[in-house]
Every structure is written in structure tokens, then in C-alpha cells.
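Chain letters run A, B, ... following the sequence lines, proteins first, then strands; residues in each count from 1. Values below: every heavy atom of this structure, side chains too, minus hydrogens, waters and symmetry copies.
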Amino acid sequence: MRELLTQSVLTALIAGAMLAMVPIMFAALGESISEQAGVLNVGLEGMMLFGAYAGFNGALYLHTSWLGLLCGALGGILASLVMVVMCVHMKLDQIVVGVALFLFAEGVTSLLHGAQFGNDYPRIDGTGEVDVPLLHDIPVVGESVFHQHPIVYVGIALVFAVQWMLRRTSIGLSLRAAGETPAALDAAGVDVTRTRTAAVMACGALAGVGGAYLAIVGAGSFTPMMTQGSGFMAIVLAMLARGKVLWVIAMSFLFGVSLSISTALQLAGITISTDVVQMLPYVTVIVVLILFARRSYLPSALAVPYFRGER
Amino acid sequence: MSATVQADPPVQSPPAPPRLPRRVEVLAQAVLPVALSILASGVLLAVLGRDPFSFYGDILDNGLLTGFGLQQSIVRVATLLLIAGGLIVAFRANLWNLGGDGQWLLAAAFVAGLAPKVVDAVGRTPGLALMLVLGCVIGAAWTVVPAFLKAVYGVNEIIATLMMNFIGINLANILVKGPFLTDLPGVPRTDILPLPQRLPLIGGSQVHVGIVIAVGMMLLIHFGMTRTPLGLRLRVLGANPRAAVHLGLRPKRLTFVAFAASGALIGLSAAVSMLGDWGSFRADFNPAYGFLMVPLVFLARMNALGTMALVALFAVIQIGGDTATRKADLPADFILVLVGLLLFFMAITEYYRLRRERRLALSTAAPADLLSEAASDA
């Protein structure tokens, strides 16, 4: 046990966990906003892929990771417009459109990447991690937590900002009303369609940044289907967080740990099947659900399109 | 059926708005989205410098028109139909079983892992029958936890089935790399079931009896859902759980039944696929059929017969697309673009159909209704 907890192993574990956590955290934050407003974004993974593709190209051609992340956000917003038009405005089924968006995004990004680079996978160098002054000198956490691309800290700050916005501002109140009782929001004179549109676009932007982080900082390159289900993980996290978005940080870190634990254990000389390790976060969730079996509360108008004047 | 309705003279004929004959409308509903998605992906192909006509020609040739392609497509239909049937049962009861892939892969791993030994020990026919049952049992077993959480604690089944989905995918890999691992060199896989011991083929073709099982099951589901008390109970549960309680139904038990039936059909699909076409389970194999069938089933409005048509179309695109993308030097993922667009256009067509129906209902409604409708629209 002593050898297991050496500095290098712990550092690798936490650094790896942070790397795996950030995309999920961004996406789950976006999904939380969207779910609170009553739109279940099954296409979240597609938005992340669009963000990853756009972000990678932005960083490759514009040579800065920040512009890359911005492109990622724009890519995510572009993908979210599909949800906006088809689900919020045309009121089509959210699950059907979400699945279609996911499949379409998988296909299109892989196709574009193939047409652009063939079988080459160009890499981006210098992804722009910075050391936080002073804190960086702390052992273990210094090299892992405080040696990150600044967007990571922006992301954590955003989670707190969204928590405050949802609980303490009238915009947050409108968003939650759009998910609970859209008719009441409508009667109060706030446009339900516009509120949900804003929520879905914010979700797209955040998922796009998450995807872009994965491509630019995480991998340094784009590979087709590189999100590998993290969008779906994020959907589940958002559902479990039940609108209390601070939980998103803790839970995505937990997922990050379980995703990076096999690499860290290999450093410590222990080989454990990645299949077992990858399974752990899901087993944890199921066990928690069985033991505590709290009603997983979801907004009552989730995935229900709003028609004016219909009861 | 619609023709007889059409033949009845209208009792009172208000000045009906011009409407297309019902049959034409149904046909347009089916053909329009397909045509639009083919057109849109054709434009994309042309932009990428490929000849769309030869691409689509290849899909048709290799998926439908050559004997080999047609047989492959039929074999694929068998697998997909059983999954779709499983989803119909759950969706009709308003239970979102999104864990189909985990159920499918886990059942596939068990069946492929045990089949060679069991068939050797008890003979071909009883062995295969036993394995089909095993597939059903494993698939159903993997739905028990979500069903329990939903029925007893009201935990949202989307969360639970997605979690069990990922666990099932990993567990299948653990099984294949562990207890079921073959001695053969190459990628980790189960022992291979020899060709003569697989599901019997129909006539002299390469199509195994899976298609008969699948179509039979679909007809059974259609009949069961529309003509039996259990089907009615499930549909009541799906439409209005509170009404179900008031009618004296037992929603908890029905939730378990619907989930188990759904998982069993998906597990049966895995067994048919392993015993009929693959014969062995490779590690990290995940065709994601369960996920792909969700929107198709939904667009067919959970109707078993409509689903059969959509699944057939999908299978042809998948099988033909394999060869077509390789010939055009495109990533195989291009087919996902085509399928994604197809789903988008189907959803949009559905939107216009519903809007048209609303309008028709409006224009034939009594003036008083019209007034109130106008008032609420304003």
C-alpha cells in the first residue's frame, strides 16, 4: 500500500483525472442548464464532437489554444441550432432528434477529417498549460491540479456562476420555470421558446468547449468518435445532479479518477484490466441508486415540447 | 384497410378542404424523407468529389440487387428486427430502455462463449434451442435492476438503463477476455462455433432461420400489443400510469414484465446473431444496434409493421454502404451521415403531417371550437 501512494503515482492519478474530468464537466454543466429548461439533449455527444472538430481546426490553423476553444464553442452552438430549430421551435421529439444529431455528428466529423487529412492525424504542440503561482509548488496537487490550461479554472468558476444564476437570478428562475411549468412562465409574460433556445445554445457552447478541450489539450489531435461516450456520461451526471450543478464538479472528478486509475496503477506496477476499471463509475452509480434510492428528480416538463394554450 | 374507410360516403359533407387521397399521403410520408436524405447526402458526396450516382448504385447493388448482398441484408434484418421488437414492448409501456446494447452484448458473450461446448455435449438442435433460451434469460436478467429501481423507487429508467448499458458492455469484454477466452491466436475472442453446427439455413441460401424467428416474433408482438389483455395493460400503463392504478392494474408487476420481455427479445437477437452469422464473439465488438434502433422504432410510432419496413431499409443501407464507402474511398462512417439525415427528414415529415392533420381538424370543427381555438392562439 505504501508503494502505491508514492508521489509520482498520486500526481499521475490526479493529473489524469483532471484531464478526463474537464470535458465531462463542461458538457454536464451545459446539459444541466438545458435540462433545467426542459430540453433533454440526447445529442450532447454530437455537440462535443462538433466542438472537438471545430476546436482542433481552430487551434491548428490559428495557432492559439484560446481561439481553438472559441471555435469549439461556435461548433457546439452550430450543432445546438439543430436542436433549437427542430425541438424547441418545431417541437419534434427530443430523443429522436438527439439520436439523429449524434449519428450525424459522428459521420460528418469523421468524413470531414478523412477528406481533410486522409489517414494522417496532425498534432498540435504547446497546448498552453500554465502554473498557478505559489500553489504550483505544493507537492502532488501542485503539479497536477495547479498545472492546467486556464480554461479549466474558467470552467470551475462557470459552474459556480451557473449555480448562482439558477438559484438567485430571474434568468435562472425563468429557465427553471421553462422546465417545470412552461405554461406558468408563458402566463408571466416570458417567452418559453426564447428561454429554451437560449438554454440549448448555452448547452451547445459549453459542450463544444468540452469537446475542444478534449481535442486540443487532452489529445492534441482529432480522431473520429474521440468522445467515446463522455457525452452520455455527462447526461447521466446532469440527471444525477438534479439542477444542483456544484455536484457536477465532484461527480465529474470521480469519473475522471476512475478513468485514469488504470494508468496510475500501471505506474505503480499493478496491472488491472481496463474493462474492470472503466466499469467502476457506472457500478458506483447503480450501487448508490440501489442503496439510497432517492427519487431522481427531473424537471416535470423535461422532453415535453411546449404548445401554447394546450392543457 | 384505409381504402374501405375511404369508400364510405361521408355522412354530412361540409366543404372539405382539398386533400390528397390517403394512400398517396402515406406513400409520400414514407418516400419523401428517403428521397430528401439521398439528395442531401448526394450533394455532400459531389462536394467531396465523389460520383453520387455510382455511390448509390453500389449501395443498391451490394445491399439488395445481388444475391449475396440481399441474403446478407436479410440476415441483418433478423438481428435488428428482434431488437426493434424488444424496444417496442418497452416503449409502448412508456419505459425508455436505452440499455439495449449492454443487454445485447452481454447475451452475445454468454451465448457465444457457451455454445460450442453445449452444442458438443447435448447435440445440435437441443443445444441451439438451449442457447436461444439462454440469450433471452441473460437479456431479461440485465433489465431487472432498472426495472426494480423504476418500479419500487421511481428512479428514472433512462439513467438506470444507460448505466447498466455501460456495465454490460464492459462485462461482456471481461467475460470474453477471461472465462470464455479461446486458445486460438489473434484478437481475444470466444471459441468458434463450427459452420455445420450453426442455425440451419433456409433452402440452399445463406440465410439462416433467424429471419423466420424475427418476423414471427414481430407478428406476435403486433398481435400481442393490439389484441391481448396484456398488451392493452401495457399500453394503458404507458399512456397513463395513474389510470392504470385506478383500473386495478399492478404497475410494478407490469414494469417488470415489460422490461423483462424487452430484454429477452434483445437477448434473443444477440443469440440469433451469434449462432447464425458470427459464430464467435470478438472482444470490443459493439455494433451499437440497440442505439440505432431507438429512433427507427419511434418514427414508426412503435407500430410493429411500420418498424419492419424501416428496419429493412436500414439493413440495406448498412450492408450496401459497407462496400460503397470502401469503393468511394470514404470512411465507413459516411453511412451515419445518411442515417442521421434520414432521421431528421423523417421527423420533419412527421411534423408537417401532424400540422396538416391539426389544420384539417380545425377546418372541419364546429364554429364554436374554432373561436376558442383562435382565442387561445392569439
Side-chain angles (χ1 to χ4, degrees), chain A residues 40 42 46 82 85-87 90-93 95-115 118 224-225 229 232-233 235-236 239-240 273-286 289-290 292-298 302-303 308-310, chain B residues 44 47-49 96 98 145-146 148-149 152-156 158-160 162-167 169-174 177-178 283-284 291-292 294-296 298-299 329-344 346-348 350-351 354-355 372-373 375-378:
Chain A
L40 179 66
V42 181
V82 174
V85 172
M86 297 186 75
C87 296
M90 293 169 78
K91 305 170 206 307
L92 296 172
D93 187 85
I95 291 177
V96 170
V97 175
V99 173
L101 177 61
F102 162 58
L103 297 177
F104 180 75
E106 269 195 336
V108 157
T109 51
S110 160
L111 188 69
L112 289 175
H113 187 269
M225 309 192 183
F232 291 98
M233 259 184 236
I235 293 175
V236 171
M239 282 184 166
L240 290 173
S273 147
T274 45
D275 295 311
V276 175
V277 174
Q278 279 175 5
M279 209 168 72
L280 291 179
Y282 309 110
V283 175
T284 315
V285 173
I286 285 288
L289 282 176
I290 293 175
F292 300 102
R294 301 179 300 176
R295 291 181 88 84
S296 59
Y297 179 77
L298 295 174
L302 186 63
R308 253 192 157 177
E310 204 175 62
Chain B
L44 188 60
V47 170
L48 292 170
W96 287 99
L98 297 189
V145 171
F148 170 80
L149 286 171
V152 179
Y153 297 114
V155 172
N156 183 288
I158 296 179
I159 297 182
L162 272 178
M163 292 292 95
M164 293 303 280
N165 184 42
F166 289 117
I167 300 175
I169 292 170
N170 285 308
L171 205 54
N173 277 331
I174 293 171
K177 291 173 190 169
D284 299 317
F291 198 70
L292 287 165
V294 170
L296 284 195
F298 209 77
L299 285 170
D329 193 25
L330 288 171
D333 307 328
F334 178 74
I335 293 307
L336 293 174
V337 178
L338 190 61
V339 173
L341 286 172
L342 182 63
L343 293 175
F344 282 139
M346 279 178 172
I348 292 173
E350 175 79 358
Y351 165 76
L354 285 176
R355 210 173 71 157
S372 69
E373 188 78 31
S376 69
D377 259 1

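- The structure places CE of Met90(A) at 10.5 Å from CG of Leu354(B), a figure rounded to the nearest 0.5 Å.
- Two residues are said to be in side-chain contact when any heavy atoms from C-beta on lie closer than 4.5 Å; Ile286(A) and Met164(B) meet this criterion.
- The shortest distance between side-chain heavy atoms of Leu103(A) and Leu292(B) falls below 4.5 Å.
- Using a 4.5 Å cut-off between heavy atoms, Leu330(B) contacts chain A through its side chain alone, with no backbone atom that close.
- Note that the CG atom of Leu92(A) and the CE atom of Met346(B) stand 13.5 Å from one another [nearest 0.5 Å].
- Your options are Ile169(B), Asp329(B), Ile348(B), Val294(B), and the one with the most heavy-atom pairs under 4.5 Å with chain A is Ile348(B).
- Atom OH of Tyr282(A) and atom CG of Leu171(B) lie 14.0 Å apart (nearest 0.5 Å).
- With values rounded to the nearest 0.5 angstrom, Leu101(A) atom CG is found 11.0 Å from Leu343(B) atom CG.
- In this structure the side chain of Met279(A) reaches within 4.5 angstrom of the side chain of Ile174(B), judged on heavy atoms.
- Residue with the most contacts toward chain B among Val276(A), Leu40(A), Leu112(A), Thr109(A): Val276(A) (heavy-atom pairs, distance under 4.5 Å).
- The shortest distance between side-chain heavy atoms of Asp333(B) and Met225(A) falls below 4.5 Å.
- Distance check, rounded to the nearest 0.5 Å: CE of Met86(A) to CZ of Phe344(B) gives 6.0 Å.
- Between Leu44(B) and Leu111(A) there is a side-chain heavy-atom pair separated by less than 4.5 Å.
- For the pair Phe298(B) and Asp93(A), the minimum side-chain heavy-atom distance is below 4.5 Å.
- Residues Phe104(A) and Val337(B) meet the side-chain proximity criterion, which asks for heavy atoms closer than 4.5 Å.
- Comparing Leu341(B), Asn165(B), Ile335(B) by how many heavy-atom pairs each has under 4.5 Å with chain A, the most go to Leu341(B).
- Within the 4.5 angstrom heavy-atom criterion, no atom of Leu342(B) approaches chain A.
- In this structure, the side chains of Ile95(A) and Trp96(B) come closer than 4.5 Å at one or more pairs of heavy atoms.
- Between Phe232(A) and Phe166(B), the ring center distance fails the sub-6.0 Å criterion.
- Residue with the most contacts toward chain A among Pro331(B), Ala160(B), Pro146(B): Pro331(B) (heavy-atom pairs, distance under 4.5 Å).
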